[in-house]
Amino acid sequence: MSACLCLVFLFFSIVAEATYSPGGFHHLSSLRQNKKASKSKQELPFETRYFPQNLDHFSFTPESYTVFHQKYLINSRFWRKGGPIFVYTGNEGDIDWFAANTGFMLDIAPKFQALLVFIEHRFYGESTPFGKKSHKSAETLGYLNSQQALADYAILIRSLKQNLSSEASPVVVFGGSYGGMLAAWFRLKYPHITIGALASSAPILHFDNIVPLTSFYDAISQDFKDASINCFKVIKKSWEELEAVSTMKNGLQELSKKFRTCKGLHSKYSARDWLSGAFVYTAMVNYPTAANFMAPLPGYPVEQMCKIIDGFPRGSSNLDRAFAAASLYYNYSGSKKCFEMEQQTDDHGLNGWQYQACTEMVMPMSCSNQSMLPPYDNDYEAFQEQCMSRYGVKPRPHWITTEFGGKRIETVLKRFGSNIIFSNGMQDPWSRGGVLKNISSSIVALVTKKGAHHADLRAATKDDPEWLKEQRRQEVSIIEKWISEYYRDLREEEQ
């Protein structure tokens with residue numbers, strides 16, 4: 001997303017922990033375990049800068065003028081004064097991580113002679129207004145929300161253009177997952193600052209019951225079913241076996257042994273969430289080529305997982321097969337001798353997302369009996385109790401659709417918005433909450449059958465399939481049109 005929505009998610013990206021299941025907020029631990037492994041070791045071609053940002057853009061109390069330093073990355077190698085500025089609207093995590101996995105912008109910068117800017121989201125990475133105390137309580141976290149983040153981006157962009165003496169430069173915003181949601185919303189809220197937005201894998205309709213609550217997990221099940229019916233069935237049956245083992249005498253000890261944990265498990269839910277997390281995130285990052293976004297993985301890892309499961313001899317334990325498949329996600333390199341499933345560290349500062357999920361980013365989900373994952377019903381009251389217990393705040397489930405819209409989006413945006421690309425790959429479980437049909441001639445949906453979570457934003461490789469190349473070609477063509485129209489309008493104004 002993120003979350004990653006992935007991311008975290010992942011959105012997330014990664015927005016899965018906005019839902020309640022018997023184990024509480026789930027999947028976050030498995031995400032954290034891999035973030036450290038996937039952090040790019042390469043030197044990024046960006047200069048790191050910090051911008052003095054106001055704490056609160058929407059009030060005029062003395063505290064609102066408190067300044068924190070917002071991190072951003074900049075690359076001016078291909079830019080010429082007056083040329084376009086491409087801005088990535090940062091997600092719920094370290095901005096370096098997103099920059100390392102958004103090579104598309106670097107790939108197209110020479111063609112457009114564009115300045116590249118990646119802005120870190122407040123309360124994530126190094127952009128923490130209260131330092132180490134930023135995530136301590138709702139008193140400090142109260143300044144963490146999408147509206148403040150969008151205002152941060154607007155102010156930083158305006159200041160940057162003034163400092164560069166290039167105020168006529170057109171700005172195009174890019175984002176994936178939660179960052180994609182922010183990019184689309186930025187275009188709607190600040191059309192005077194950006195001429196267009198590429199919103200990749202942006203589940204802006206995953207609010208207020210606009211899409212079926214089961215859609216996210218239904219998509220994951222379909223991905224595995226498409227790879228192998230047997231694989232789907234084995235994973236679906238493995239939960240019963242996990243439950244049976246956990247209820248045996250010394251069940252947790254036996255589970256710890258089966259799952260090769262570094263320390264003895266204290267809860268069966270730790271093993272369950274570790275297992276389900278592997279399948280959820282692998283479906284999200286089912287890229288056609290080898291990648292290292294949330295974990296080092298081969299191309300089309302869902303198929304590889306199913307090959308592992310289908311390769312077991314007849315009569316093998318379903319739980320053993322599922323564990324072996326999940327190990328592909330957590331240990332593709334084969335270097336781990338044991339797995340840490342409890343007491344995870346937060347290497348990329350993702351904890352802020354739990355607060356956002358408890359306040360504005362309320363994305364209700366449930367998992368049906370037809371899914372291959374453990375079924376559960378959306379229990380809003382239990383979710384609300386968790387949020388009250390942890391932060392002392394109640395979620396506002398209707399706020400996002402009030403602030404940004406979403407219901408009847410086709411009718412509303414057809415008459416109001418323009419210049420937004422919503423790109424989605426249908427193998428990404430978040431795609432079901434995205435815009436999948438053209439809304440107007442300038443608000444378009446680019447949908448691929450095989451694409452995964454913001455696959456189009458990744459750097460091009462020689463092994464990319466034709467459908468991915470074509471999707472990127474379309475995006476470039478549309479952005480080119482926006483920029484040409486902008487410069488034409490500018491010339492007409494000056495005449």
Side-chain angles (χ1 to χ4, degrees), residues 1-4 6-13 35 38-40 42-51 53 68-79 83-110 112 114-128 146 149-161 163-164 169-187 190 193-194 196-202 293 348-350 352 454 456-459 475 479:
M1 279 249 263
S2 103
C4 315
C6 57
L7 231 317
V8 345
F9 212 33
L10 166 131
F11 322 171
F12 20 246
S13 281
K35 288 293 170 74
S38 64
K39 194 171 181 179
S40 176
Q42 69 195 48
E43 281 294 317
L44 295 175
F46 294 94
E47 177 191 342
T48 301
R49 294 183 184 176
Y50 297 86
F51 179 77
Q53 192 69 261
F68 73 96
H69 290 94
Q70 184 169 32
K71 180 177 176 179
Y72 68 102
L73 309 177
I74 190 164
N75 180 319
S76 57
R77 180 182 171 189
F78 305 106
W79 190 63
I85 300 173
F86 290 172
V87 176
Y88 186 92
T89 49
N91 310 38
E92 70 289 19
D94 184 340
I95 194 62
D96 295 73
W97 179 50
F98 293 110
N101 286 280
T102 311
F104 175 67
M105 289 171 68
L106 273 168
D107 289 346
I108 66 173
F112 289 99
L115 180 71
L116 300 182
V117 182
F118 282 73
I119 310 176
E120 192 163 73
H121 194 298
R122 56 168 54 206
F123 284 85
Y124 294 103
E126 294 178 42
S127 302
T128 48
S146 56
L150 294 178
D152 286 341
Y153 301 153
I155 289 166
L156 194 156
I157 291 166
R158 286 194 68 185
S159 175
L160 182 66
K161 289 173 75 173
N163 289 341
L164 293 169
S169 285
V171 173
V172 178
V173 290
F174 297 72
S177 196
Y178 172 49
M181 295 157 74
L182 292 171
W185 293 336
F186 192 81
R187 169 62 184 160
Y190 296 95
I193 292 179
T194 182
L198 170 51
S200 180
S201 298
F293 176 38
H348 279 263
L350 296 167
H454 46 76
D456 53 325
L457 294 186
R458 299 189 62 75
E475 290 168 353
I479 293 167

(request) Calculate, to the nearest 0.5 Å, the distance between atoms CZ and CG belonging to R49 and L73 respectively. (result) 10.5 Å
(request) Answer yes or no: is there a side-chain heavy-atom contact under 4.5 Å between T102 and H454? (result) no
(request) Identify the heavy atoms of A149 and H121 that sit nearest to each other, and give their distance. (result) CB-NE2, 3.4 Å
(message) Testing the basics here: between E120 and I95, what is the closest heavy-atom pair and its distance to 0.1 Å?
(response) OE2-N, 2.9 Å
(message) For a 4.5 angstrom cut-off between non-hydrogen side-chain atoms, does I108 reach E475?
(response) no
(message) Quick check: closest heavy atoms across L182 and S146, and the distance to 0.1 Å?
(response) CD2-CB, 3.9 Å
(message) Between T89 (side chain only) and G179 (backbone N and O only), is there a donor and an acceptor less than 3.5 Å apart?
(response) yes
(message) Is the distance between the ring centroids of F293 and W97 under 6.0 Å?
(response) yes
(message) So, taking the atom named CZ in F78 and the one named CG in L106, what distance separates them when rounded to the nearest 0.5 Å?
(response) 7.5 Å
(request) For this output row, return yes or no: ring centroids of F118 and F98 closer than 6.0 angstrom. (result) no
(request) Give the minimum heavy-atom separation between G176 and Y88, together with the two atoms involved. (result) N-OH, 3.4 Å
(request) With the side chain counted from C-beta on, respond yes when L457 and N101 share a heavy-atom pair under 4.5 Å apart, and no when they do not. (result) no
(request) For residues V117 and I157, determine if any side-chain heavy atom of one lies less than 4.5 Å from a side-chain heavy atom of the other. (result) no
(request) Kindly indicate whether the side chain of F104, heavy atoms from C-beta on, has any atom under 4.5 Å from the side chain of D456. (result) no
(message) Checking the side chain of N75 only, and the main-chain atoms of L116 only, is there a donor and an acceptor separated by less than 3.5 Å?
(response) no
(request) Might you point out which heavy atoms bring S159 and F51 nearest each other, and give the distance in Å? (result) OG-CE1, 3.3 Å
(message) How long is the straight-line distance from CZ of R187 back to CG of L198, given to the nearest 0.5 Å?
(response) 13.5 Å
(message) With a 4.5 Å cut-off on side-chain heavy atoms, are D152 and F68 touching?
(response) yes
(request) Check whether any side-chain heavy atom of Y72 sits under 4.5 Å from a side-chain heavy atom of L156, and report yes or no. (result) yes
(request) Verify, without hydrogens or angle tests, whether N91 (side chain) and G93 (backbone) share a donor-acceptor contact under 3.5 angstrom. (result) no
(request) Can you measure from OH (Y124) to CG (D94) and round to the nearest 0.5 angstrom? (result) 13.0 Å
(request) To the nearest 0.5 Å, tell me how far I74 CD1 sits from L160 CG. (result) 5.0 Å
(message) For the CE atom of M105 and the CG atom of D107, what is their distance to the nearest 0.5 Å?
(response) 11.0 Å
(message) Working note: E126 + T48, criterion side chain to side chain contact (heavy atoms under 4.5 Å, CB included); need CA distance, chi angles, decisive distance, verdict.
(response) CA-CA 11 Å; E126 294 178 42; T48 301; 5.7 Å; no
(message) Could you walk me through whether V172 and F112 satisfy the side chain to side chain contact (heavy atoms under 4.5 Å, CB included) test, starting with their C-alpha distance in whole Å, then the side-chain angles of each, then the deciding distance to 0.1 Å, before giving a yes or no?
(response) CA-CA 11 Å; V172 178; F112 289 99; over 6 Å; no
(request) State, to 0.1 Å, how close A183 and A197 come at their nearest heavy-atom pair, and which atoms those are. (result) O-CB, 3.3 Å
(request) Look at the side chain of S169 and the backbone N and O of G83, then say whether any donor-acceptor pair between them is shorter than 3.5 Å. (result) yes
(request) Kindly indicate whether the side chain of F186, heavy atoms from C-beta on, has any atom under 4.5 Å from the side chain of V87. (result) no
